[in-house]
Amino acid sequence: MGLVITLCVVGAILLLLETVLPGMIAGVIGSLCIVAGVIQSFVLFGSRTGSYVLAGVIVALMVVAVLWIRFFPDSRAGRMFTSQQTVGDIRTERPELLNKVGAALTPLRPSGTALIDGHRVDVVTEGGMIDPKTPIKVVAVEGMRVVVRSLSETSAQTTT
């Protein structure tokens, strides 16, 4: 029984070490140790004891996984592995673009890239295709979505 317990304990330790060691080697070896421990319990002690060991290993792995997920991120070691700050600005909302003018860099059919205030911006047209270098105007900003209209369409709508 000592061999079975040793294999299971060494396997569990290697699985825990896998979270801090790169390469998956410790995790694979740990899993193999646990499987070998369960197989040895079946071989050495029969199906009844082997089934108890298998059930115990499954329950122990589930309990340890739940505890690990619950407590590890808040531990000192867990905080070393997680970033506590935001790096850079993702600029998801850009209300400052509303009513700005620019030019299409790529064909907008209906999405593409435009140059607005010297910045490349991913844009969507209200409808039809807009050719590159066509002057455009931002008519709506909806979260990350910047909606543009050709200036020729805008001037045609204001004259009617």
Interatomic distance, NZ@K137 vs CG@L97, rounded to 0.5 Å, equals 13.5 Å
Between V64 and the options I69, V59, L16, the side chain to side chain contact (heavy atoms under 4.5 Å, CB included) test singles out L16
All heavy atoms of A114 vs all of I136, minimum pair found to be CB-CD1, 3.6 Å
* Taking C-beta and beyond as the side chain, do S111 and D122 meet within less than 4.5 Å on heavy atoms? -> no
**Study point:** Within one Ile-Leu-Val-Met-Phe-Trp-Tyr cluster: I39 and V9, side-chain cutoff 4.5 Å
**Key:** no
In terms of heavy-atom contacts, L21 and A26 come closest through CD1-CB, 4.3 Å
Checklist entry - Are I58 and V35 joined in one hydrophobic group, where the rule is that I, L, V, M, F, W and Y side chains link up if heavy atoms are under 4.5 Å apart? => result no
Is V57 close to C8 at the side-chain level, that is, under 4.5 Å between some pair of heavy atoms?
yes
For residues V53 and M62: do they belong to one hydrophobic cluster (side chain heavy atoms under 4.5 Å, members Ile, Leu, Val, Met, Phe, Trp, Tyr)?
yes
The residue among V138, I116, I130 that forms side chain to side chain contact (heavy atoms under 4.5 Å, CB included) with V123 is I116
- Query: Cluster question for you: counting only ILVMFWY and a side-chain heavy-atom cut-off of under 4.5 Å, with indirect links fine, are L17 and F72 together?
  - Reply: yes
Quick one, D117 with E96, criterion side-chain contact (heavy atoms from CB on, under 4.5 Å). Give me CA distance, side-chain angles, the key distance, then yes/no.
CA-CA 10 Å; D117 282 346; E96 70 275 5; over 6 Å; no
- Query: Hey, quick one: are L54 and I5 part of the same hydrophobic cluster, counting side-chain heavy atoms closer than 4.5 Å, chains of contacts allowed?
  - Reply: yes
Tell me, yes or no, whether the heavy-atom count around F45 atom CZ, taken from other residues, nucleotides or ligands under 6.0 Å, exceeds 12.
yes
Scanning both residues in full, the closest heavy-atom pair of C33 with G11 reads CB-CA, 3.7 Å
Shortest non-hydrogen pair, L14 vs G30, comes out as CB-CA, 3.6 Å
Legend entry - More than 12 heavy atoms from other groups under 6.0 Å of CG on L3: yes
| task | Run the numbers on L15 and I34 for side-chain contact (heavy atoms from CB on, under 4.5 Å), then give the verdict. | result | CA-CA 10 Å; L15 283 177; I34 291 174; 3.6 Å; yes
Here the gap from R109 atom CZ to D131 atom CG, rounded to the nearest 0.5 Å, amounts to 9.0 Å
Side-chain donor/acceptor of T113 to backbone N/O of T106, under 3.5 Å
no
Closest non-hydrogen atoms of R120 and L115, given as atom of the first, atom of the second and distance, are N-CD1, 4.1 Å
Between M129 and P107, the two heavy atoms sitting closest are CE-CB, 4.0 Å
The reported gap from CE in M1 to OG in S41 (rounded to nearest 0.5 angstrom) is 7.0 Å
